[in-house]
Protein chains: 2
Amino acid sequence: MKPPGSLRIVGIGPGKDAWITPEASSLVSTATDLVGYAPYLERLPLKSGQRRHQTGNGAELERSRHALRLAADGRHVALVSGGDPGVFAMAAAVFETIDDGEPSWRSIDIVVSPGISAMQAAAARVGAPLGHDFCAISLSDNLKPWSIIEKRLMLAAEADFVIVLFNPASAARPRRIYEAFAVLRAIKQASTPIVFAHAVGRQNERISIETLASADPGCAGMSTLIIIGSSETRIVPRGVGTPFVYSSRGSKAL
Amino acid sequence: MKPPGSLRIVGIGPGKDAWITPEASSLVSTATDLVGYAPYLERLPLKSGQRRHQTGNGAELERSRHALRLAADGRHVALVSGGDPGVFAMAAAVFETIDDGEPSWRSIDIVVSPGISAMQAAAARVGAPLGHDFCAISLSDNLKPWSIIEKRLMLAAEADFVIVLFNPASAARPRRIYEAFAVLRAIKQASTPIVFAHAVGRQNERISIETLASADPGCAGMSTLIIIGSSETRIVPRGVGTPFVYSSRGSKAL
């Protein structure tokens, strides 16, 4: 019998090496095999003897199956995910694959190693917009009907959550972000602060601070994350530099 | 004129050193002054010449003012926060203090350094329960009326979010957690998976997996974080070891 392998689902954060935890670095360095989307693997140092299995974007279930088969075959696999693997990233796909897959996969030694998510990095760049009850919603309707997304946006706005939008726009659905803003504009105040964070932590990072009235939803792309304030979110102007954005920890009655 | 100081609001994650990012370690090591709640400062290596300003728990605004005064006085301050400073931690308190405080504080050089939050660490321990749209709600009614918290719980359950509860119970409000569960039990299915994560990342970490029907809200304390599944959250039993918990990335219509 082969000695058992292992699978580590590792988050390397959103783009900046100084945000990769020591746990993630160590798991990547001791793996026999790295599996992941090519741009994530390219961020990691090459190590002799270590095998790399690069896959395209999307195809999460195929990537999960590949990682699980390698681990079942006795390899020590690090499945590399951007951000936090548990937040709109690879971890859920792996457990879904296990749930639907070979019974023996349930016995694989698996650990998830958390990472800084783009949401946290974007918030940190401007201040503390998540300092208050918040929710995170993916606008992708690949795996859920748009009607659920609209309903969630409506209920989240009524609950006065700070709302983080992941995957706000793609070439396949350029208009959905306009529909989402229409839902929010019908419920939330025009002065609500909004943060557009593009490519956070990467060289082409670009952050802009708007209000619900002034924001152009069309400026969101594949690498954009949007934070929509609650009624307790404030913009603090500064003498020099971009303003701070934070959400007050308290709330008045709704 | 004094050379200008700086303030770094640094997250050191939930208890485990391997989750402290290199950025956080570097900011802590180069600061002239560390400010923070004593148990967080005790986790950091002593450095000669560096001053430590330990404060009690609570008192976030006083701690923020102290850090801002030091930075305004030319010191290079690291304000140390557990978890992610932007998620129910110190960053919002600092910006609130600036908003209400000395105009000169707005010119201080401030950077927030994100950290792994307890929510992410707890999720990683069991699988991927946040793999789907989710929200985070603090049950503390120190700064907001209980009626808002109840309304948010109700709307979050109707939206079928995965719900993360921070600060579920304290000596001052031992019954609120029962009221919260009553709200959730009225809306969500009895079989909904629930994760209780106590002291995650610390030596006395204890994680248990329940359902909404079986869970005893009374076992939550000050250091507990609770993750309540959506209709798409599943428990995957294993041959040996605790089951996995994950939320499927897709959803059917509500």
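In what follows, chains carry the letters A, B, and so on, assigned in the order in which the sequence lines appear, proteins first and then strands, with residues in each chain numbered from 1.
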(Q) Using only atom types and a distance under 3.5 Å, with no angle test, would you say the side chain of Asp84(A) pairs donor to acceptor with the backbone of Gln120(B)? (A) no

Q. Side chain, backbone, both or neither: which part of Ser248(A) has a heavy atom under 4.5 Å from chain B?
A. both

Q: Look at the side chain of Arg249(A) and the backbone N and O of Glu96(B), then say whether any donor-acceptor pair between them is shorter than 3.5 Å.
A: no

Q. Any chance CD of Glu62(A) has more than 12 other-residue heavy atoms, nucleotides or ligands included, within less than 6.0 Å?
A. yes

Q | Salt bridge Glu23(A)-Lys16(B), side-chain N to carboxylate O under 4.0 Å | A | yes

Q. With a 4.5 angstrom heavy-atom cut-off, which part of Ile108(A) approaches chain B: side chain, backbone, both or neither?
A. backbone

Q) Counting heavy-atom pairs under 4.5 Å to chain A, which of Val94(B), Leu130(B), Ile163(B), Ile137(B) comes out on top? A) Ile137(B)

(Q) When you compare the side chain of Arg238(B) with that of Ser107(A), does any pair of heavy atoms fall below 4.5 Å? (A) no

Q: Go through the atoms of Ile20(A) and report whether side chain, backbone, both or neither lie under 4.5 Å from a heavy atom of chain B.
A: backbone

Q: Taking the side chain as every heavy atom from C-beta outward, state whether Ile110(B) and Phe244(A) have any atom pair closer than 4.5 Å.
A: yes

(Q) How long is the straight-line distance from CD1 of Ile116(B) back to CH2 of Trp19(A), given to the nearest 0.5 Å? (A) 12.0 Å

Q | Which portion of Ile149(B) sits near chain A, non-hydrogen atoms under 4.5 angstrom | A | neither

Q | Which of Gly250(B), Pro129(B), Pro22(B), Ser247(B) touches chain A most, by non-hydrogen pairs under 4.5 Å | A | Pro22(B)

Q.
So for Ser117(A), is it side chain, backbone, both, or neither that comes closer than 4.5 Å to the heavy atoms of chain B?
A. both

Q: Sort Pro243(B) into side chain, backbone, both or neither according to what part of it lies under 4.5 angstrom from a heavy atom of chain A.
A: neither

Q: State, yes or no, whether a side-chain contact exists between Cys135(B) and Phe134(A) at a heavy-atom distance under 4.5 Å.
A: no

Q) Which answer fits Ala123(A), side chain, backbone, both or neither, if we ask what part of it has an atom under 4.5 Å from a heavy atom of chain B? A) neither

Q) What are the two closest heavy atoms between Ala124(B) and Pro114(A), and how far apart are they? A) CB-CD, 4.0 Å

Q. Between Gly241(A), Gly115(A), Ser113(A), Ala156(A), which shows the greatest number of heavy-atom pairs under 4.5 Å with chain B?
A. Gly115(A)

Q.
Can you tell me which of Ala93(A), Ala121(A), Ala89(A), Ala91(A) forms the most heavy-atom pairs within a distance under 4.5 Å of chain B?
A. Ala93(A)

Q) Heavy-atom distance under 4.5 Å to chain B: side chain of Leu153(A), backbone, both or neither? A) neither

Q. Given a strict heavy-atom distance threshold of 4.5 Å, which part of Leu27(B) is in contact with chain A: side chain, backbone, both, or neither?
A. neither

Q.
Taking Phe95(B)'s backbone N and O only, do any of them form a donor-acceptor pair with Arg234(A)'s side chain (distance below 3.5 Å, no angle check)?
A. no

Q: For the pair Asp133(A) and Lys144(B), find out whether any cationic side-chain nitrogen is under 4.0 Å from an anionic carboxylate oxygen.
A: yes

Q. Mind checking whether Lys151(A) and Asp160(B) have side chains closer than 4.5 Å, heavy atoms only?
A. no

(Q) Heavy-atom pairs under 4.5 Å with chain A - which of Leu143(B), Val236(B), Val240(B) has more of them than the others? (A) Leu143(B)

Q. For Phe161(B) and Arg152(A), which heavy atoms make the closest approach, and how far apart are they?
A. CE2-CD, 3.9 Å

(Q) If you define the side chain from C-beta out and look only at heavy atoms, does anything of Val111(B) sit under 4.5 Å from Arg125(A)? (A) no

